[in-house]
Amino acid sequence: MFDRLLLLSPVLLFLPLVIPVPPPGNASPAPCRRCCDDLEPQEGTPVSGLNQIPEVRTFINMTILKGDKGNRGDRGTPGKSGEEGAPGSRGPMGPKGTKGQAGPPGDPFKTQDAAFSVGRRKSLHSVDYYQALVFDTEFVNLHGHFDMFKGKFYCYVPGIYFFNVNIHTWNFKETYLHIMRNDKEQAIVYAQPSERSIMQSQSLMLPLELNDEVWVRLYKRERENAVYSDDVDVYITFNGYLIKPTLE
């Protein structure tokens with residue numbers, strides 16, 4: 001201990017001695033000031049932000065206060081339709097679809113053709129003023145439109161038709177026939193009595209409507225009217241066929 005005092009004694013000897021000295025003359029002593037008085041602002045001087053008290057704001061974390069999810073509410077009433085917008089641009093073509101199923105069977109095809117060709121193997125003398133020429137040989141009778149018993153063609157397909165009749169005259173007898181449409185004469189086949197028999201022919205086209213009838217009629221006047229044929233050859237023929245139907 002003593003050794004330590006000896007080491008500190010020189011320091012203590014050189015410490016300055018502070019002694020209050022009165023001011024010279026009659027000067028009044030300065031007022032006592034604290035060491036922190038210089039930090040206080042003078043009156044009228046704005047207070048800097050460093051000396052202001054910080055504002056405390058309350059922050060509430062709403063996620064902590066969030067409750068459970070509620071039930072879904074009722075659906076509201078639909079709103080009014082808005083104005084129609086402008087049409088959009090055409091989109092790209094989609095992929096090709098798969099093949100569909102076969103449809104039901106359609107209606108039967110309606111025939112758009114008609115034709116016949118008939119002949120007669122027996123001679124005929126007219127006994128009435130008007131007599132239908134009937135036939136006993138059928139070459140063609142498409143769809144059965146020609147009635148062999150009545151000697152008439154019935155139109156079931158309206159359109160333009162071509163008709164032709166061929167006959168063989170009888171010696172010394174008149175030949176007088178008409179191609180008829182319904183009850184009206186359309187064309188004549190005529191040959192005067194002669195020593196020689198000849199072949200006569202007549203052709204024409206007729207526009208026919210549904211259920212029209214076309215046939216050959218013998219006409220008897222004062223003279224005997226007759227056509228010739230035999231069992232070996234066919235001298236008398238009547239032909240017709242559709243050229244163009246009205247509805248295609």
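Along the sequence shown, residues carry numbers from 1.
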(request) Mind checking the CD1-CG spacing from Ile179 to Leu133? Nearest 0.5 Å is all I need. (result) 11.0 Å
Would you tabulate the side-chain donor-acceptor contacts of residues 159-169 under 3.5 Å, counting partners in other chains and residues two or more places apart, or write 'none'?
residue: Tyr161; atom: OH; partner: Val157; partner atom: O; Å: 2.6
residue: Asn164; atom: OD1; partner: Asn166; partner atom: ND2; Å: 2.7
residue: Asn164; atom: OD1; partner: Asn239; partner atom: ND2; Å: 3.2
residue: Asn164; atom: ND2; partner: Ser201; partner atom: OG; Å: 3.3
residue: Asn164; atom: ND2; partner: Gln202; partner atom: O; Å: 3.3
residue: Asn164; atom: ND2; partner: Ser203; partner atom: OG; Å: 2.7
residue: Asn166; atom: OD1; partner: Ser201; partner atom: OG; Å: 2.8
residue: Asn166; atom: ND2; partner: Thr237; partner atom: OG1; Å: 3.0
residue: Thr169; atom: OG1; partner: Ile198; partner atom: N; Å: 2.7
residue: Thr169; atom: OG1; partner: Ile198; partner atom: O; Å: 3.2

(request) Using a cut-off of 6.0 Å, state whether more than 12 heavy atoms not belonging to Lys122 lie near its atom NZ. (result) no
(message) Show every salt bridge (Lys or Arg N to Asp or Glu O under 4.0 Å) that has at least one partner inside residues 185-208, sequence neighbours left out.
(response) Glu185-Arg217
(message) Is the ring pair His145/Phe153 parallel, tilted or perpendicular, if the boundaries are 30 and 60 degrees?
(response) tilted
(message) For the backbone of Tyr235 and the side chain of Asp233, can you confirm whether one donor and one acceptor N or O come within less than 3.5 Å of each other?
(response) no
(message) Checking the side chain of Trp215 only, and the main-chain atoms of Asp183 only, is there a donor and an acceptor separated by less than 3.5 Å?
(response) no
Side chains of [X] and [Y]: does their closest heavy-atom pair fall under 4.5 Å?
| X | Y | value |
| --- | --- | --- |
| Val118 | Asn141 | no |
| Tyr154 | Asp147 | yes |
| Val216 | Met180 | no |
| Gln131 | Leu124 | yes |
| Tyr176 | His178 | yes |

(request) Examine Tyr219 together with Tyr130 and report whether their ring centres are nearer than 6.0 Å. (result) yes
(message) Could you check whether Tyr241 and Phe116 have their ring centres less than 6.0 Å apart?
(response) no
(request) Kindly write out the residues that satisfy side-chain contact (heavy atoms from CB on, under 4.5 Å) with Gln186, not counting sequence neighbours, or none if the list is empty. (result) Arg181, Lys184, Leu204, Leu206
